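These notes are about the structure you will find just below.
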2 protein chains.
Amino acid sequence: MPGRNGKGPPWWHGKFRGCGYRLTIPRETIIEVLSKAAKHLSAEEIYLAVHKVYPAIGLTTIYRTLELLVQIGLVFKFDFGDGRARYELAEGPKGIRQHHHLVCTNCGRVIDYTDFIDEAKEFLSQTMKALNKKCNFKITNHLIQFYGLCEKCQK
Amino acid sequence: MPGRNGKGPPWWHGKFRGCGYRLTIPRETIIEVLSKAAKHLSAEEIYLAVHKVYPAIGLTTIYRTLELLVQIGLVFKFDFGDGRARYELAEGPKGIRQHHHLVCTNCGRVIDYTDFIDEAKEFLSQTMKALNKKCNFKITNHLIQFYGLCEKCQK
DNA sequence: ACTGGGAATGAAAACCATTACCATTAGGAG
DNA sequence: CTCCTAATGGTAATGGTTTTCATTCCCAGT
Ligand SMILES: [Mn+2]
Ligand SMILES: [Mn+2]
Ligand SMILES: [Zn+2]
Ligand SMILES: [Zn+2]
């Protein structure tokens with residue numbers, strides 16, 4: 001069930017068509033790379049990974065496609081403070097994988113943290129409602145990051 | 001009580017001396033500018049403001065000083081997605097002003113939001129404790145930002 | 001299946017915030 | 001007041017991202 005159901009098209013094709021965007025090899029490959037990524041990739045890392053299977057790719061297309069994917073909500077863009085943007089698939093076939101990030105200020109390591117999501121959800125939903133009423137601000141997204149020292153860097 | 005008590009030195013001089021840093025006109029002026037800033041300033045905006053009262057200032061010094069101020073915890077550095085870093089005084093003579101940010105994804109406006117801090121504190125303290133134990137991650141700082149549409153951009 | 005038009009691409013150059021370099025200045029301990 | 005060295009500032013370099021523009025190719029309409 002992950003990716004493609006038998007021979008059916010990947011689950012995200014509909015999202016593309018719905019927005020009037022064309023399906024191209026670069027776009028397919030970039031999403032493919034992102035879906036297999038173990039960690040948060042930079043544009044250049046994505047470029048290198050795509051280049052292995054599709055050498056004609058250009059770095060420009062990587063940037064343009066990532067911007068597009070962020071726009072339609074398929075990809076999240078992060079700044080972990082290392083001078084380059086990091087990208088991560090927002091949702092897979094299994095749905096949205098809700099999580100936040102721990103960033104080590106010493107070695108730069110980034111750790112996904114999926115625990116305590118319930119507390120976060122509670123806090124977030126309350127805050128969103130309140131902000132909507134008080135500030136008349138329509139919240140569509142949020143960012144929570146923790147900074148500190150990872151296990152190795154504490155010694 | 002704000003800034004200087006009568007003729008006494010500014011409240012942050014101690015922090016500088018304690019770290020072994022020298023007190024210079026550029027540093028004094030940069031903090032001065034930040035303490036009077038109505039909003040979140042970029043390095044260039046700070047440069048222009050300092051330049052008015054101290055024309056000999058160099059942009060390099062702005063960056064170096066801001067890095068220093070961030071390091072000693074006097075200044076917070078933010079990325080609101082407009083391609084340049086934004087800086088904000090972390091604490092004033094009245095103490096730390098705890099708040100988070102609402103970022104309009106359409107016009108880029110950034111709104112300070114100080115309400116619901118209690119809920120945030122509760123959520124944060126719980127999460128920090130848990131992360132400390134479960135992940136062995138020593139949290140020293142955190143970032144919470146909400147993205148959406150401001151009042152004007154909703155129409 | 002074919003074709004036309006416009007979206008998408010890629011190579012190269014431009015952009016621009018930030019950093020490195022280095023000769024000069026000046027804070028402040030003694 | 002002197003000296004040592006941190007701090008400064010002008011300039012050049014860096015490097016991630018964007019712009020430009022000629023070429024390619026997706027795909028709706030036939
Ligand atoms: Mn993640
Ligand atoms: Mn603020
Ligand atoms: Zn670490
Ligand atoms: Zn707005």
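Order of the sequence lines sets the chain letters (A, B, ...), proteins ahead of strands, with each chain counted from 1. The structure presented is a predicted model; accordingly, all values stated were derived computationally and were not measured.
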Expressed in angstrom and rounded to an integer, what is the separation of [X] atom [atom1] from [N] atom [atom2]?
X: B:Leu59; N: D:dT8; atom1: CG; atom2: P; value: 13 Å
X: B:Tyr47; N: C:dT18; atom1: OH; atom2: P; value: 15 Å
X: B:Glu45; N: C:dA17; atom1: CD; atom2: C1'; value: 13 Å
X: A:Ile57; N: D:dC25; atom1: CD1; atom2: P; value: 12 Å
X: A:Tyr21; N: D:dA28; atom1: OH; atom2: P; value: 16 Å
X: B:Glu28; N: D:dA7; atom1: CD; atom2: C1'; value: 14 Å
X: B:Ile62; N: D:dG9; atom1: CD1; atom2: C1'; value: 11 Å
X: A:Ile25; N: D:dT24; atom1: CD1; atom2: C1'; value: 12 Å

* Asked: Can a donor-acceptor pair be found between the side chains of B:Glu45 and B:Tyr47 at a distance below 3.5 Å?
  ->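 Note: B:Glu45 and B:Tyr47 side chains miss the donor-acceptor criterion.
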For [N], take OP1 and OP2 only and decide whether either is under 4.0 Å from a side-chain N or O of [X].
X: A:Tyr63; N: D:dT18; answer: no
X: B:Thr24; N: C:dG27; answer: no
X: B:Arg64; N: D:dA6; answer: no
X: A:Arg17; N: D:dC27; answer: yes

Please pick, from [options], the nucleotide with the shortest atom-to-atom distance to any side-chain atom of [X].
X: B:Arg22; options: C:dG28, D:dG9, C:dA8; result: C:dG28
X: A:Thr60; options: C:dA17, C:dG10, D:dC27; result: C:dG10
X: B:Ala56; options: C:dT9, D:dG9, C:dT18; result: D:dG9

* Structure fact -> Contacts of B:Tyr87 and A:Arg27 projected onto DNA chain C by closest heavy atom; the upstream (5') one is A:Arg27
* To do: Under 4.0 Å between any heavy atoms, over every strand shown, what does B:Tyr54 touch: base, sugar-phosphate, or nothing? Just pick one.
  => sugar-phosphate
* Asked: Going hydrophobic residue to hydrophobic residue with side-chain gaps under 4.5 angstrom, can you get from A:Tyr113 over to A:Leu143?
  ->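 Hydrophobic grouping puts A:Tyr113 apart from A:Leu143.
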* **Check: B:Arg27 side chain, B:Arg22 main-chain N or O, donor-acceptor pair, under 3.5 Å** => yes
* For the ring pair A:Phe80 and A:His40, is the centre-to-centre distance below 6.0 Å? -> yes
* Compute the centroid of each ring, for A:His142 and then for B:Tyr147, and state whether the two points are separated by less than 6.0 Å. =>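 No, ring centres 6.0 Å or more apart.
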* **Contact residues, residues 65-85 of chain B to DNA chain C [heavy atom, < 4.0 Å]** =>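 When residues 65-85 of chain B is checked for heavy atoms under 4.0 Å from DNA chain C, the hits, listed by number, are B:Gly83, B:Arg84, B:Ala85.
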* Asked: Are the charged groups of A:Glu67 and A:Lys77 less than 4.0 angstrom apart, N to O?
  -> no
* Asked: Any Lys/Arg nitrogen of B:Arg109 or B:Glu151 sitting under 4.0 Å from an Asp/Glu carboxylate oxygen of the other?
  ->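 Judged by the 4.0 Å cut-off on N to carboxylate O distance, B:Arg109 and B:Glu151 do not form a salt bridge.
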